[in-house]
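A short worksheet on the structure shown next.
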Amino acid sequence: MNQLNINVEDCDGSFAEMQLPYNTDETVIVIPKIGKLEEDFTALDSYVVLVNNKTKEIKSLFFESHETSGWQSDAIFIYDISIDTTSYLIDKNTNAFGVVLHERSMSQPNPYYAKSISLFISQGKELKNILKNYPIYESIGETDMKCYGKFEIESRQFSISKNATNGFLDIVVDITNKTVVYEESKGECEDKVTSVQTEKVILTYENEKYKQQ
């Protein structure tokens with residue numbers, strides 16, 4: 001943070017740090033700096049850095065202003081930021097890693113949870129964002145706050161295709177939509193999946209970003 005001239009008190013506190021399993025000489029650090037603060041609204045500048053573990057120097061840097069980052073909290077707020085170090089090998093020499101935003105609402109009768117992922121690759125002194133804030137989980141529900149509840153849940157899982165577009169392998173996204181109902185049965189609250197639908201979409205690399213076909 002000294003290298004970036006950032007003060008701790010200017011940050012939101014949801015720091016994330018993870019050593020890369022496929023390169024133990026490097027650690028990813030995410031610094032969410034407050035860019036705009038109003039009553040019931042916060043927008044964050046996003047800093048993602050790749051640090052050399054031996055020298056403690058920043059090797060690669062990504063920065064995006066709060067004006068365009070999409071990292072903001074209001075009725076739906078960011079409650080955690082994590083790093084996905086799954087080895088997304090998008091070509092024979094390039095691994096991508098993910099930064100995951102975890103969001104939720106405060107409503108108990110109508111709970112809402114969501115996760116979105118951004119993928120990054122290192123190119124010299126620059127960390128390049130190749131997929132931005134892509135939704136990977138969403139749960140929308142209603143409940144009586146005792147037992148009964150009904151939730152619509154969508155989850156998305158990535159796998160790497162053998163097909164390439166513009167030099168990078170396509171990303172296959174398996175999407176599952178399900179309805180889960182909680183009801184009381186014999187004195188216990190039990191959940192039941194009442195419907196499941198699946199589909200598959202492809203993300204291809206075009207104009208320096210992965211986009212859904």
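Just so we're clear, the structure is a prediction, and the values are computed from it rather than from any experiment. Below, each value reflects all heavy atoms present in this structure, side chains not excepted, and no hydrogens, waters or symmetry copies.
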Cys11 and Ile6: CA distance, side-chain angles, deciding distance, side-chain contact (heavy atoms from CB on, under 4.5 Å) verdict: CA-CA 8 Å; Cys11 298; Ile6 298 174; 3.6 Å; yes
N/O donor-acceptor pair under 3.5 Å between Asp91 side chain and Asn93 backbone: yes
Derivation and outcome, side-chain hydrogen bond (donor to acceptor under 3.5 Å, both in side chains), residues Asn133 and Ser118: CA-CA 5 Å; Asn133 298 343; Ser118 296; 3.2 Å; yes
Within-4.5 Å side-chain heavy-atom neighbours: Thr27 and Ile29: yes
Side-chain heavy-atom pair Pro32, Tyr47 within 4.5 angstrom cut-off: no
Step-by-step side-chain contact (heavy atoms from CB on, under 4.5 Å) determination, Asp174 to Thr198: CA-CA 7 Å; Asp174 290 297; Thr198 60; over 6 Å; no
Same apolar cluster: Ile34 and Val8, side chain cutoff 4.5 Å: no
Note, Ile175 side chain near Val201 side chain (heavy atom, < 4.5 Å): yes
Expected output: side-chain Asn7 to main-chain Asp10 donor-acceptor under 3.5 Å: no
Single-linkage hydrophobic cluster, 4.5 Å side-chain cutoff, Val196 and Phe151 together: yes
Heavy-atom donor-acceptor pair, Ser73 side chain to Ile78 backbone, under 3.5 Å: yes
N/O donor-acceptor pair under 3.5 Å between Asp144 side chain and Cys147 backbone: yes
Donor-acceptor side-chain pairing of Ser60 and Ser122 below 3.5 angstrom: yes
Derivation of the salt bridge (Lys or Arg N to Asp or Glu O under 4.0 Å) call for Glu184 and Lys146: CA-CA 9 Å; Glu184 187 173 335; Lys146 295 177 182 177; over 6 Å; no
Heavy-atom pair of closest approach, residues Gln108 and Met145: CB-SD, 3.4 Å
Contact check, side chains of Ile153 and Tyr113, non-hydrogen atoms, under 4.5 Å: no
Atom pair OG (Ser46) and CD1 (Ile81), whose distance is rounded to the nearest 0.5 Å: 8.5 Å
Thr204 side, atom OG1; Lys209 side, atom NZ - distance, nearest 0.5 Å: 14.0 Å
Ionic contact status for Lys59 with Glu57, cut-off 4.0 Å: no
Which atom of Asn129 lies closest to which atom of Leu131, heavy atoms considered: ND2-O, 2.8 Å
Heavy-atom pair with the smallest gap, counting every atom of Leu127 and Leu50: CD1-N, 3.9 Å
Aromatic ring pairing Phe158/Tyr88, orientation class (parallel under 30°, perpendicular over 60°, tilted between): perpendicular
Any donor-acceptor pair under 3.5 Å from Gln3 side chain to Lys56 backbone: yes
Parallel, tilted or perpendicular, as decided by the 30° and 60° cut-offs, for the rings of Phe97 and Phe120: parallel
Step-by-step side-chain contact (heavy atoms from CB on, under 4.5 Å) determination, Arg104 to Phe77: CA-CA 6 Å; Arg104 60 170 293 181; Phe77 63 95; 3.5 Å; yes
Side chain proximity check, Lys200 to Val172, heavy atoms < 4.5 angstrom: yes
Rounded distance (nearest 0.5 Å) linking atom OG1 of Thr143 with atom OH of Tyr182: 9.5 Å
Heavy-atom side-chain contact between Leu44 and Lys33 under 4.5 Å: no
His102 vs Ser82 side-chain heavy atoms within contact, under 4.5 Å: yes
Shared hydrophobic cluster for Tyr22 and Met18 (ILVMFWY, side-chain gaps under 4.5 Å): yes
side-chain hydrogen bond (donor to acceptor under 3.5 Å, both in side chains) partner of Thr179, the single match among Lys192, Lys150, Gln197, Glu152: Glu152
Glu188 CD: over 12 foreign heavy atoms closer than 6.0 Å: no
From CA spacing to verdict: side-chain contact (heavy atoms from CB on, under 4.5 Å), Phe15, Met1: CA-CA 11 Å; Phe15 301 99; Met1 293 180 70; 4.1 Å; yes
Lys132 atom NZ, over 12 foreign heavy atoms within 6.0 Å: yes
Least distance between heavy atoms, Asn166 atom then Tyr205 atom: ND2-O, 2.7 Å
Hydrophobic cluster identity match, Val99 and Phe63, side-chain contacts under 4.5 Å: no
Any donor-acceptor N/O pair, Asn53 side chain to Thr24 backbone, under 3.5 Å: yes
Minimum side-chain heavy-atom gap Leu61-Leu4 below 4.5 Å: yes
Any donor-acceptor pair under 3.5 Å from Asp45 side chain to His66 backbone: yes
Considering all heavy atoms, the nearest Val100-Ile136 contact: CG1-CD1, 4.3 Å
Flag for Glu142-Tyr148: side-chain donor and acceptor within less than 3.5 Å: no
Closest non-hydrogen atom pair between Ile130 and Ile90, with its separation: CD1-CD1, 3.7 Å
From CA spacing to verdict: salt bridge (Lys or Arg N to Asp or Glu O under 4.0 Å), Lys115, Glu103: CA-CA 6 Å; Lys115 293 191 290 185; Glu103 299 175 283; over 6 Å; no
Derivation of the side-chain hydrogen bond (donor to acceptor under 3.5 Å, both in side chains) call for Tyr134 and Gln212: CA-CA 10 Å; Tyr134 186 80; Gln212 187 168 306; 2.8 Å; yes
Between CZ on residue Phe62 and CD1 on residue Ile121, distance to nearest 0.5 Å: 12.0 Å
Single-linkage hydrophobic cluster Trp71~Val28, side-chain heavy atoms < 4.5 angstrom: yes
Rounded distance [0.5 Å steps], OG1 in Thr86 versus CD in Gln157: 9.0 Å
Point-to-point distance, once rounded to the nearest 0.5 Å, from CG of Leu101 to CD of Gln72: 10.5 Å
